[in-house]
Amino acid sequence: ASVAPRTATPAAATTTAATLAPATLSIVLPTFNERDNVPVLVERLDKVLVGVAWEVIVVDDNSPDGTADAARALAARDPRVRVIRRVGRRGLSGACIEGMLASSADFVAVMDADLQHDETLLPKMLATLSADEADLVVASRHVEGGAVGNGLSSVRASGSGLANTLARRLLQVDLSDPMSGFFMIRRREVERLAPRLSAQGFKILLDIAASARGELRIAELPYVFRERLHGQSKLDTLVALDFLGLLLSKLVGDFVSVRFLMFMMVGASGVVVHMLALFGGLELLGLEFQSAQTAATFVAMTTNFYLNNRLTYRDRRLKGWRALRGLLSFYLVCSFGVIANVGVATLVYEENAGRLMTGIAGAAGAVMGAVWNYAASSVLT
Ligand code: GDD
Ligand code: MN
């Protein structure tokens with residue numbers, strides 16, 4: 001009688017009354033277009049977790065396929081299913097963090113919702129934590145008995161191998177499978193580490209292990225990564241850049257954020273684009289310096305906007321018309337930067353002609369513009 005009732009249909013409330021006890025284990029399922037997979041997984045969890053007070057927290061980033069609705073249909077029948085629908089945000093790590101922090105259970109697990117992770121491992125993971133043998137249990141494909149199976153293409157497999165080596169060498173994370181997206185942890189550790197975690201990228205486990213700096217007792221259990229049945233992987237090439245950002249950020253001891261590092265990487269690429277466009281305009285098109293510099297500035301602004309939208313701010317990416325509006329507003333707020341840029345560059349250029357000075361003039365202008373662009377666009381665009 002002390003259990004607060006949760007919203008459920010009357011029929012469900014009577015049949016599942018026993019499970020309304022507070023959950024011991026929250027299973028966080030990040031989802032993006034997994035409508036067909038979620039009901040299957042929840043059914044499997046129900047079978048494999050008999051005797052455990054569990055709950056599922058689906059964290060959906062407003063999937064166009066209606067995953068959130070499918071999950072809510074489950075929740076209407078089974079109060080152990082909870083749904084968080086995030087609008088205007090994207091990102092696997094961020095979704096996992098949000099799901100874990102929405103739990104009140106002693107233990108939280110994170111697993112893919114696409115049935116690639118072996119749910120039959122969960123009871124053993126829970127037993128390891130309950131017996132206080134570890135603070136974090138990782139399901140690993142790279143310990144004796146584990147395997148990648150047919151779950152990864154050969155390109156993905158070798159990329160994953162390289163990333164593992166880098167993570168272990170550079171971050172001194174003692175994990176055989178630091179990229180695993182399948183783990184269970186004591187919630188109080190998540191609460192403690194949360195302020196150090198980056199919401200960007202795919203590498204939530206690596207982030208947790210690196211941020212803990214050896215403070216966590218870690219156990220690894222083998223599992224076989226399964227093939228995906230419905231839908232497709234969301235891991236793309238930009239995820240590799242995310243990973244580099246996380247490596248750098250952790251290497252410098254969280255002194256700078258992943259986002260700032262991304263912005264710098266994009267900025268650096270913008271300078272290269274700018275210089276190429278400038279010399280292209282001068283040498284190939286025979287433009288006057290001032291026109292070539294103006295054109296180069298717009299070219300670099302456009303690529304910077306594109307890359308920042310795809311990468312630096314991918315968790316709140318602008319799409320379609322919003323992207324176009326974003327680009328125009330970016331041009332607009334940067335127009336003062338453009339004037340400063342072209343002004344400075346032309347001034348330097350007119351004082352000293354010559355190839356080297358042309359380069360320096362262009363670069364000086366680009367740097368001026370970049371500083372302004374960051375300040376103005378981060379506030380306005
Ligand atoms: N909420 C949310 N937001 N969920 C997402 C997002 C997102 O932006 N992107 C992906 N997901 C969900 C998917 O719906 C799926 O449930 C899970 O996260 C994993 O995504 P996949 O797209 O299936 O990733 P994968 O199979 O290529 O990669 C898996 O294996 C990698 C190791 O090779 C993941 O577990 C990775 O974390 C892991 O590094
Ligand atoms: Mn997958």
Side-chain angles (χ1 to χ4, degrees), residues 27-42 45 56-68 70-71 83-100 102 109-119 121 138-142 146-164 166-167 173 175-183 198-209 223-240 242-243 246 310-311 313-317 319:
I27 299 152
V28 175
L29 302 179
T31 58
F32 193 75
N33 289 344
E34 307 288 2
R35 188 191 52 208
D36 298 335
N37 292 320
V38 174
V40 181
L41 181 54
V42 170
L45 291 174
V56 151
I57 303 176
V58 174
V59 188
D60 184 67
D61 285 353
N62 208 22
S63 302
D65 78 345
T67 304
V83 183
I84 296 175
R85 175 179 167 227
R86 309 197 306 165
V87 176
R89 274 184 293 166
R90 265 301 296 278
L92 180 51
S93 287
C96 294
I97 294 169
E98 198 149 332
M100 289 190 285
V110 169
M111 72 188 291
D112 291 356
D114 60 2
L115 310 172
Q116 289 195 277
H117 289 157
D118 182 1
E119 68 286 338
L121 198 60
V138 179
S140 167
R141 295 163 290 188
H142 305 304
V148 173
N150 290 325
L152 283 186
S153 66
S154 58
V155 180
R156 272 282 302 267
S158 52
S160 170
L162 179 67
N164 276 1
L166 281 174
V173 164
L175 285 173
S176 65
D177 193 358
M179 307 303 154
S180 174
F182 187 16
F183 59 90
S198 159
Q200 279 187 294
F202 258 59
K203 306 306 167 202
I204 178 66
L205 172 68
L206 176 61
D207 197 358
I208 288 176
Y223 86 103
V224 178
F225 194 55
R226 297 185 193 134
E227 210 162 335
R228 198 183 237 278
L229 292 179
H230 304 282
Q232 57 191 18
S233 168
K234 283 96 210 171
L235 208 150
D236 56 22
T237 41
L238 288 177
V239 169
D242 258 348
F243 171 70
L246 181 65
R310 285 303 301 263
L311 196 62
Y313 295 98
R314 74 185 258 143
D315 53 333
R316 50 181 99 149
R317 186 160 122 207
K319 285 187 194 147

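What you see below is based on every heavy atom in this structure, not just the backbone, and it leaves out hydrogens, waters and symmetry mates. Nothing fancy with the numbering, it's 1 onward along the sequence. Predicted model, so just to flag it, every value in this text is computed and none were measured. We count ligands from 1, going down the list as the structure has it; atoms in each ligand are counted the same way.
From Asn33, atom CG reaches atom CG of Asp114 across 12.0 Å, with rounding to the nearest 0.5 Å. Between atom CD1 of residue Ile27 and atom CD of residue Glu119 there is a gap of 10.0 Å, rounded to the nearest 0.5 Å. Taking OH from Tyr223 and CD from Gln116, the interatomic distance works out to 8.0 Å, rounded to the nearest 0.5 Å. The distance from the CD atom of Glu34 to the CG atom of Asp60 is 9.0 Å, given to the nearest 0.5 Å. A distance of 10.0 Å separates OG of Ser180 from NZ of Lys203, quoted to the nearest 0.5 Å. In this structure, CD1 in Ile208 is found 11.5 Å from OG in Ser198, a value given to the nearest 0.5 Å.
Here's the thing with Arg228: one of its N/O atoms is less than 3.5 angstrom from an N/O atom of ligand 1. Every N/O-N/O distance between Ala95 and ligand 1 stays at or above 3.5 Å. Taking only nitrogen or oxygen atoms, main chain and side chain alike, Gly91 reaches within less than 3.5 Å of ligand 1.
Counting heavy atoms under 4.0 Å from ligand 1, residue Gln116 touches it through the side chain alone. Under 4.0 angstrom from ligand 1, there are no non-hydrogen atoms of Met111. Contact annotation for Asn33 and ligand 1: no heavy atom of the residue comes within less than 4.0 Å of the ligand. Neither the backbone nor the side chain of Phe182 comes within 4.0 Å of ligand 1, counting heavy atoms alone. Contacts of Ala113 with ligand 1, taken as heavy-atom pairs under 4.0 Å, involve both backbone and side chain.
Of the listed residues (Thr31, Val28, Asp177, Ile84), the one carrying the non-hydrogen atom nearest atom 2 (C) of ligand 1 is Thr31. The option from Leu41, Asp61, Ile204, Leu29 that lies nearest to atom 3 (N) of ligand 1, judged by heavy atoms, is Asp61. Evaluated by nearest non-hydrogen atom to atom 38 (C) of ligand 1, the leading choice among Glu34, Met179, Arg226 is Met179.
Set against the non-hydrogen atoms of Gly181, the atoms of ligand 1 under 4.0 Å away are 35 (O), 37 (O). When each atom of ligand 1 is checked for a heavy atom of Val59 under 4.0 Å away, the hits are 1 (N). Which parts of ligand 1 touch Arg141 is read off a 4.0 Å heavy-atom cut-off, strictly below it: atoms 32 (C), 33 (O). Distances below 4.0 Å separate heavy atoms of His117 from the following atoms of ligand 1: 35 (O).
Of the possible donor and acceptor atoms, none in the side chain of Arg85 sits under 3.5 Å from a partner among the backbone N and O of Ala68. Arg226 places a side-chain N or O within donor-acceptor distance of the main-chain N or O of Leu115, the cut-off being under 3.5 Å. For Ser63 (side chain) and Asp65 (main-chain N/O), no donor-acceptor pair under 3.5 Å exists by modelled atom type. A distance-only check finds no donor-acceptor pair linking the side chain of His142 to the backbone of Asp177 [under 3.5 Å].
At least one heavy atom of Lys203 lies less than 4.0 angstrom from ligand 1.
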Q: Quick one: do Arg317 and Arg90 satisfy side chain to side chain contact (heavy atoms under 4.5 Å, CB included)? Show the steps, please.
A: CA-CA 8 Å; Arg317 186 160 122 207; Arg90 265 301 296 278; 5.8 Å; no
(Q) Using the rule given for side chain to side chain contact (heavy atoms under 4.5 Å, CB included), can you reason through Ile57 versus Ile84, listing the C-alpha separation, both sets of side-chain angles and the distance that settles it, and then say yes or no? (A) CA-CA 7 Å; Ile57 303 176; Ile84 296 175; 3.9 Å; yes
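Met179 has its side chain within reach of Arg141: a pair of non-hydrogen atoms, C-beta onward, lies under 4.5 Å apart.
Of the N and O atoms on the side chains of Thr31 and Thr67, not one donor lies less than 3.5 Å from an acceptor on the other residue.
Closer than 2.8 Å to the Mn ion (ligand 2) sit the protein N, O or S atoms Asp114 OD2, Gln116 OE1.
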